[in-house]
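Structure first, then comments.
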Amino acid sequence: MHRNIFLLLITFSLTSSAIGQEHTLVLTLEETIEQARRQSPDAQNARHSFRSAYWNYKYYCANYLPALKLTSNPYLDCAINKVTQSDGNVKFIEQNLLSTDLTLSLTQNVPWTGGTFFIETTAQRLDLFSSDTYSWQTSPVNIGYSQSLFGYNSLKWDRRIEPIRYREAKKTYVETLELVAANATEKFFNLAKAQSNYEIANANYANADTLYIYAQGRYNIGTISENEMLQLELNKLTEETNCMNARIEVENCMQELRSYLGIQEDLLIKVRVDNRVPDLHINLDAALMLANENSPEIQNMLRRKVESESAVSRAKANAGLKADIYLRFGLTQTADKLKDSYRNPLDQQYVSLGITLPILDWGRGRGQVRVARSNRDLVYTQVEQDKTDFDLNVRKLVKQFNLQAQRVNIAARTDYTAQRRAEVARKLYLLGKSSVLDLNASIAEKDTARRNYVTTLYNYWSLYYTLRSLTLYDFENNKPLSEDLDKIVDNQYYFDNKAITSAKR
């Protein structure tokens with residue numbers, strides 16, 4: 001009865017699959033990786049992160065270009081104010097006035113000194129409502145410069161740090177896509193393993209059921225013992241349970257893959273594993289050179305070292321003498337009419353020098369400098385260790401990968417041999433020339449060989465895409481990895497992705 005119920009369930013499952021066959025998506029590893037690079041959450045996050053890094057870099061670049069701006073600060077004052085008279089006395093006088101102004105200025109930062117050079121023109125009108133009069137004050141041209149003489153020059157340090165940060169962002173985006181490929185490979189082979197286990201369980205159950213029926217006949221005529229017949233019945237029940245568990249595993253792995261690929265529809269996914277792998281041999285020295293040239297980790301290490309030097313410079317600037325200078329030279333005039341205020345302008349000069357010298361700070365400034373230097377030394381030590389670990393990791397992965405193709409071939413031959421042995425053991429048992437223990441051992445070896453083969457294929461592709469993420473190099477086609485970053489910045493990648501997805505549907 002249990003067998004009939006189980007066969008009914010299997011038949012219903014196959015019928016449902018046939019009905020929903022048009023809603024089944026068959027994916028190869030290459031198609032899975034392509035879909036993941038377009039629509040997976042990790043890939044989308046990587047695109048958003050790169051856009052943010054791009055516009056931060058553009059903001060940095062704009063700091064070194066001239067800036068033209070128009071400013072105005074009008075105000076209305078209707079109040080009783082304290083006003084100093086010409087004889088030195090102070091009186092409270094009612095004032096009703098409106099002040100309007102307009103300033104056009106052109107500024108240019110100077111990265112070598114950290115100062116700012118500016119040119120501006122200003123016009124201001126003052127309306128006195130109490131006397132119903134107005135006047136103009138203009139400055140046709142003002143040329144000025146402001147500078148912190150001993151302060152921290154952020155423009156100079158940004159010029160060293162921000163290009164490194166942007167190169168790191170570009171390389172990180174390409175690296176992330178390769179890591180997305182590695183994650184997609186993991187989920188692809190998880191489903192492949194689950195499907196393989198389900199196929200193994202179904203085949204084993206069919207064989208166990210056949211053998212159990214055969215054993216009942218032999219037991220009835222007394223050619224096998226009750227213990228052996230019970231062992232075969234136990235095998236059948238075990239395989240029936242394995243089928244149910246394998247079906248649940250397939251559903252779980254399928255759901256994880258759908259979620260990672262950004263597939264919203266409740267599609268059935270079946271993966272098709274390509275048994276052939278490229279027989280690649282990666283040169284260790286070449287891989288190390290490519291990793292040190294292309295990996296964002298190297299840029300990250302360089303940026304951390306420069307940032308630590310920048311922190312030391314900032315601490316020194318904050319701890320010592322500070323001097324700020326402000327210079328402005330130009331022309332100015334005032335008149336009752338606007339056009340008259342531009343006639344016969346007078347010279348104007350303004351010079352300001354501010355000095356701050358810490359005399360007694362109880363070692364606070366010196367302590368900040370020592371902390372910054374200690375942090376810098378710590379960063380240099382960490383970077384050296386990270387660099388050593390990075391090189392060791394590359395070496396380890398290259399050595400492991402160069403053995404993987406041979407391991408795949410061995411696992412394939414082992415799988416084929418185990419399949420043949422299991423079939424021979426089953427036939428020998430049916431002929432009464434083998435024991436049930438030998439039969440069970442051959443089945444276990446067959447199942448293990450199949451699982452090991454799928455796992456070996458996964459290890460090959462996982463190592464391959466991990467090495468690509470470290471070196472940003474396509475070893476199969478012998479070319480560097482690159483992406484069209486302009487499409488990502490323009491958000492065109494999103495629309496192209498939608499178009500491709502819609503076309504596939």
Side-chain angles (χ1 to χ4, degrees), residues 56-75 84 99-124 126 137-165 303 305-334 345-376:
N56 282 333
Y57 181 72
K58 284 298 181 180
Y59 172 80
Y60 145 77
C61 292
N63 289 331
Y64 300 87
L65 299 176
L68 182 65
K69 62 181 178 180
L70 185 67
T71 59
S72 178
N73 186 29
Y75 66 89
T84 302
S99 175
T100 54
D101 67 293
L102 198 63
T103 301
L104 181 65
S105 60
L106 178 67
T107 60
Q108 172 65 62
N109 291 324
V110 183
W112 303 280
T113 63
T116 302
F117 178 80
F118 65 88
I119 301 175
E120 65 182 20
T121 179
T122 304
Q124 182 178 8
L126 186 63
Q137 188 267 329
T138 61
S139 296
V141 60
N142 277 326
I143 300 176
Y145 182 77
S146 62
Q147 168 76 52
S148 178
L149 297 180
F150 305 105
Y152 172 76
N153 188 351
S154 61
L155 294 173
K156 182 186 75 172
W157 285 105
D158 285 348
R159 208 168 191 176
R160 294 182 59 184
I161 295 173
E162 294 303 324
I164 300 175
R165 192 190 305 276
R303 176 176 58 82
K305 292 172 67 175
V306 179
E307 286 178 341
S308 67
E309 295 287 354
S310 172
V312 173
S313 178
R314 186 192 297 273
K316 288 181 178 179
N318 293 334
L321 173 66
K322 301 181 183 65
D324 298 319
I325 186 172
Y326 180 84
L327 308 173
R328 187 177 73 238
F329 303 95
L331 302 173
T332 186
Q333 186 56 275
T334 181
L346 303 176
D347 294 338
Q348 66 168 345
Q349 299 88 29
Y350 181 85
V351 179
S352 172
L353 178 63
I355 298 176
T356 302
L357 178 62
I359 297 176
L360 182 62
D361 64 354
W362 306 104
R364 184 175 60 181
R366 183 174 58 182
Q368 289 178 344
V369 173
R370 290 187 175 180
V371 168
R373 286 176 175 170
S374 178
N375 290 336
R376 177 197 59 188

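Along the sequence shown, residues are numbered consecutively beginning with 1. These numbers come from a predicted model, not from an experiment.
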Exercise for review: Looking only at non-hydrogen atoms, find the nearest pair between T107 and F118 and report the distance.
Suggested key: CG2-CB, 3.8 Å
Review point. How about N318 and R314: do any of their side-chain heavy atoms sit closer than 4.5 Å?
Key: yes
Review point. Which residue pairs satisfy the salt bridge (charged side-chain N to carboxylate O under 4.0 Å, His left out) criterion with at least one member in residues 319-330, sequence neighbours excluded?
Key: none
Review point. Side chains of N56 and E162: is there a donor and an acceptor less than 3.5 Å apart?
Key: no
Revision key, fill the gap. All heavy atoms of Q124 vs all of S99, minimum pair found to be NE2-OG, 3.0 Å
Review point. Does the side chain of Q137 come under 3.5 Å of the side chain of T332 through a donor N or O and an acceptor N or O?
Key: yes
Review point. Would a 4.5 Å heavy-atom cut-off, applied to side chains only, mark Y326 and V351 as touching?
Key: no
**Study point:** Salt-bridge criterion met for E307 and R165 (N-O under 4.0 Å)
**Key:** yes
Practice item. Locate the shortest heavy-atom distance separating Y145 from G115; write the atom from each residue and the value. Key: OH-CA, 3.6 Å
Exercise for review: Side-chain contact test, heavy atoms from C-beta onward, threshold under 4.5 Å: evaluate it for T138 versus T122 and give yes or no.
Suggested key: no
Exercise for review: Could I get the full list of salt bridge (Lys or Arg N to Asp or Glu O under 4.0 Å) partners for E309, not counting sequence neighbours?
Suggested key: R376
Check your understanding: Checking R159 against W112: charged group under 6.0 Å from the ring centre and within 45 degrees of the axis?
Key -> yes
Review point. Less than 4.5 Å apart, any side-chain heavy atom of I325 and any of L149?
Key: yes
